[in-house]
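Below is one structure, written out as C-alpha cells; the observations come after it.
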Amino acid sequence: MSKKLLYEGKAKIIYETENPDELLVYYKDDATAGNGAKKGTIVDKGIMNNKITTFFFDLLAKKGIEHHYLKVLSDREVLVRKLEIIPLEVVVRNIAAGSLAARLGLKEGTPMKCPIVELYYKNDDLNDPMINHYHIKAMEMASEAEIKTVEEAALRVNEILVDYLKTKDITLVDFKLEYGRDGNGKIILADEISPDNCRFWDSNTNEKLDKDRFRRDMGNVEDAYKEILKRLTGEVR
Ligand code: ADP
Ligand code: TMP
C-alpha cells in the first residue's frame, strides 16, 4: 500500500493512503510525559497499545459505539477512518488521581460520587489547558449539540469499560478520549484506548498498570502494559 506521511505525533505516525477517506496509523514505542518534557521508550508499547485499543474498540462496537478502526494491518499498523478531529481531550474520571487530585487537593484514590467529565484544548504549545463549553463555542471548536454528544458518548464509554474491566479485576480510574467528525458531520470515537491514556489499577492491590509507571519512574513499565494485554486478551508477551 502506498502511503504518504501526514503527521508524526508523540506516540503514533499518521499516513495518508490511496483512499482519501482512510488513514494508516503506526504505533511507536516512544513515550512522553509532561507534554514531551520527559521522553523515553517502552519496549513493544506500540504493539501492545494497538492490540489493546483493538480489543476495547471491538468491545465498544458490540455495545453500539461507532469508532474509527477499520482494519488491523500489522502488529503496529491499523487502517482508520479519516476524521476531522475536534481539538478536545475528553477526560472522564471515576477516582481522584493525577491533575484532578493536585488541582482540588484530593487524596489520590478518593472515589468520586459521580463520574466527572473534563474538556481540555488539545494544543501542545499551550500545555492542553482545561476549557469549558463557553470557550469551545466562542472559539468555534464545536457546537453546543456536539459538545453534549461528545460528553454523553464519553460517559457511555465509561459505563461500558468500568463494568467490563471489573470482571478483569481492573479499576478504571480515569481516561482520555478524542472524537472526530466524519464527512456527514457525525461524531465518531477516534484515537486510542490504552494504558497510555487510561489509568488502570489492579482492583485488589491498587497497583498501577498504566503509563503512570513511566511518568513517575516507578519501574516495571512494560510489565504493566503486558499485564493489561494479558487480562484483556489472554495473550502472554
Ligand atoms: P499527539 O498528536 O498528541 O502527539 P499521537 O502521537 O497519538 O498524539 O498522534 C495521533 C494523532 O492522530 C493525534 O493528533 C490524533 O488527534 C490524530 N487522530 C487520531 N485518530 C484520527 C482519525 N481517525 N483521523 C484523523 N486524525 C486522527
Ligand atoms: P491527568 O490526571 O494528567 O489530567 O490525566 C487524566 C487522564 O487523561 C489520564 O488517564 C491520562 C490521560 N491523559 C492523556 O491521555 N493525555 C494527556 O495529555 C493528559 C494530560 C492526560
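Please read these numbers as outputs of a predicted model, since none were measured by experiment. Ligands are counted one by one from 1 in listed order, and the atoms in each one are counted from 1 as well.
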### Query
Looking at Glu222 and Arg213, does any basic side-chain N land under 4.0 Å from a carboxylate oxygen?
no
#### Entry: Centroid separation Tyr164 to Phe55 less than 6.0 Å
yes
### Task
Could you say whether the N/O atoms of Arg215 and ligand 2 ever approach to under 3.5 Å?
no
### Query
Evaluating non-hydrogen atoms only, which member of Glu89, Lys211, Met130, Glu118 is closest to atom 17 (C) of ligand 2?
Glu89
### Task
Using a 4.0 Å heavy-atom cut-off, say whether Asp210 meets ligand 2 through its side chain, its backbone, both or neither.
neither
### Query
Which atoms of ligand 2 have any heavy atom of Cys198 under 4.0 Å away?
10 (O)
### Task
Could you pull out all residues at least two apart from Arg156 that satisfy side chain to side chain donor-acceptor pair (under 3.5 Å)?
Glu159
### Summary
Residue, atom and distance of the protein heavy atom nearest atom 24 (N) of ligand 1 read Leu83 N, 3.1 Å
#### Entry: Part of Ile13 within contact of ligand 1 (heavy atoms, under 4.0 Å)
neither
### Query
Tell me: protein heavy atom nearest atom 4 (O) of ligand 1, and distance?
Lys10 N, 2.7 Å
### Task
Could you establish whether Lys122 and ligand 1 come within less than 4.0 Å of each other, counting only heavy atoms on the residue side?
yes
### Query
Does the cation-pi check pass for Lys38 over Phe214, that is, NZ or CZ under 6.0 Å from the six-membered ring centre and within 45° of its axis?
yes
### Query
Can Arg231 and Asp202 be counted as an ion pair, charged N to O under 4.0 angstrom?
yes
#### Entry: Ring geometry between Tyr27 and Tyr69 (parallel below 30°, tilted from 30 to 60°, perpendicular above 60°)
perpendicular
### Task
Examine Asp124 against ligand 1 and note whether any of their N/O atoms are separated by less than 3.5 Å.
no
### Task
Please determine if Glu22 and Arg81 form a salt bridge, counting it only when a charged side-chain N lies under 4.0 Å from a carboxylate O.
no
### Query
Closer than 4.0 angstrom: is that true for some heavy atom of Arg93 and an atom of ligand 2?
yes
### Query
Do Glu151 and Ile147 have side-chain heavy atoms sitting under 4.5 Å apart?
yes
### Message
Less than 4.0 angstrom from a charged side-chain N to a carboxylate O is my criterion; do Arg199 and Asp174 meet it?
### Response
yes
### Query
Which ligand 1 atoms does Glu178 reach within 4.0 Å, using its non-hydrogen atoms?
15 (C), 16 (O)
### Query
Going by the atom numbers of ligand 1, which of them fall below 4.0 Å from some non-hydrogen atom of Leu23?
24 (N), 25 (C)
### Task
Name all residues meeting the salt bridge (charged side-chain N to carboxylate O under 4.0 Å, His left out) criterion together with Glu89; count only those two or more places apart in sequence or in a different chain, and write none if there are none.
none
### Query
At a non-hydrogen distance cut-off of under 4.0 Å, which region of Ala101 contacts ligand 2 (side chain, backbone, both, or neither)?
neither
### Task
Heavy-atom contacts with Phe175 under 4.0 Å: which atoms of ligand 2 show up? List them by number with element.
10 (O)
### Query
Is it the side chain (CB and beyond), the backbone, both or neither of Glu8 that lies under 4.0 Å from ligand 1, heavy atoms counted?
neither
### Query
Which bit of Asp191 is near ligand 1, meaning a heavy atom under 4.0 Å away: side chain, backbone, both or neither?
both
### Task
Taking atom 21 (C) of ligand 2 as the reference point, report whether a protein heavy atom occurs under 4.0 Å from it.
no
### Task
Answer side chain, backbone, both or neither: which part of Ile14 comes under 4.0 Å from ligand 1, heavy atoms only.
side chain
#### Entry: Minimum-distance protein heavy atom relative to atom 6 (O) of ligand 1
Ala11 N, 2.6 Å
### Message
Between Lys148 and Glu146 (salt bridge meaning N to carboxylate O under 4.0 Å), is one present in this structure?
### Response
no
### Task
Provide the number and element of each atom of ligand 2 under 4.0 Å from a heavy atom of Gly98.
2 (O)
### Query
Less than 4.5 Å apart, any side-chain heavy atom of Glu192 and any of Glu178?
no
### Summary
In Asp196, Asp30, Asp191, the residue satisfying salt bridge (charged side-chain N to carboxylate O under 4.0 Å, His left out) with Lys12 is Asp191
#### Entry: Under 4.0 Å to a heavy atom of Asn197 - the qualifying atoms of ligand 2, by number
10 (O), 12 (C), 15 (O)
### Query
Heavy atoms, side chains only, cut-off 4.5 Å: are Val78 and Leu73 in contact?
no
### Task
Check whether any side-chain heavy atom of Lys211 lies under 4.5 Å from a side-chain heavy atom of Lys45, and answer yes or no.
no
### Query
Looking only at protein heavy atoms, which one is nearest to atom 3 (O) of ligand 2, and how far off is it?
Arg199 NH2, 3.7 Å
### Query
Cation-pi between Lys137 and Tyr134: NZ/CZ under 6.0 Å from ring centre and within 45° of the ring axis?
yes
### Message
For atom 9 (C) of ligand 2, what is the closest protein heavy atom, and at what distance to 0.1 Å?
### Response
Asp174 OD1, 3.1 Å
### Task
Within a distance under 4.0 Å of any heavy atom of His68, pick out the atoms of ligand 1 and give their elements.
20 (N), 21 (C), 22 (C), 23 (N)
## Note on the structure
When distances are taken from atom 7 (O) of ligand 1, the protein heavy atom at minimum range is Lys12 NZ, 2.6 Å
### Query
Do the charged groups of Lys3 and Glu16 touch, with an N to O distance under 4.0 Å?
no
### Query
Less than 6.0 Å separating the ring centroids of Phe56 and His67?
no
#### Entry: Ala190 neighbourhood, listing ligand 1 atoms whose heavy-atom distance to it stays under 4.0 Å
20 (N)
### Query
Any idea which protein heavy atom is nearest atom 4 (O) of ligand 2, and the distance to it?
Ser99 OG, 2.6 Å
### Task
Among all protein heavy atoms, pick out the one at the shortest distance from atom 2 (O) of ligand 1; state its residue, atom name and that distance to 0.1 Å.
Tyr7 OH, 2.4 Å
#### Entry: Asp128 neighbourhood, listing ligand 2 atoms whose heavy-atom distance to it stays under 4.0 Å
18 (O)
### Message
What protein heavy atom lies closest to atom 13 (N) of ligand 2? Include the residue and the distance to one decimal.
### Response
Lys176 CB, 3.9 Å
### Query
Which residue owns the protein heavy atom closest to atom 21 (C) of ligand 1, what's the atom, and how far is it?
Ile85 CD1, 3.6 Å
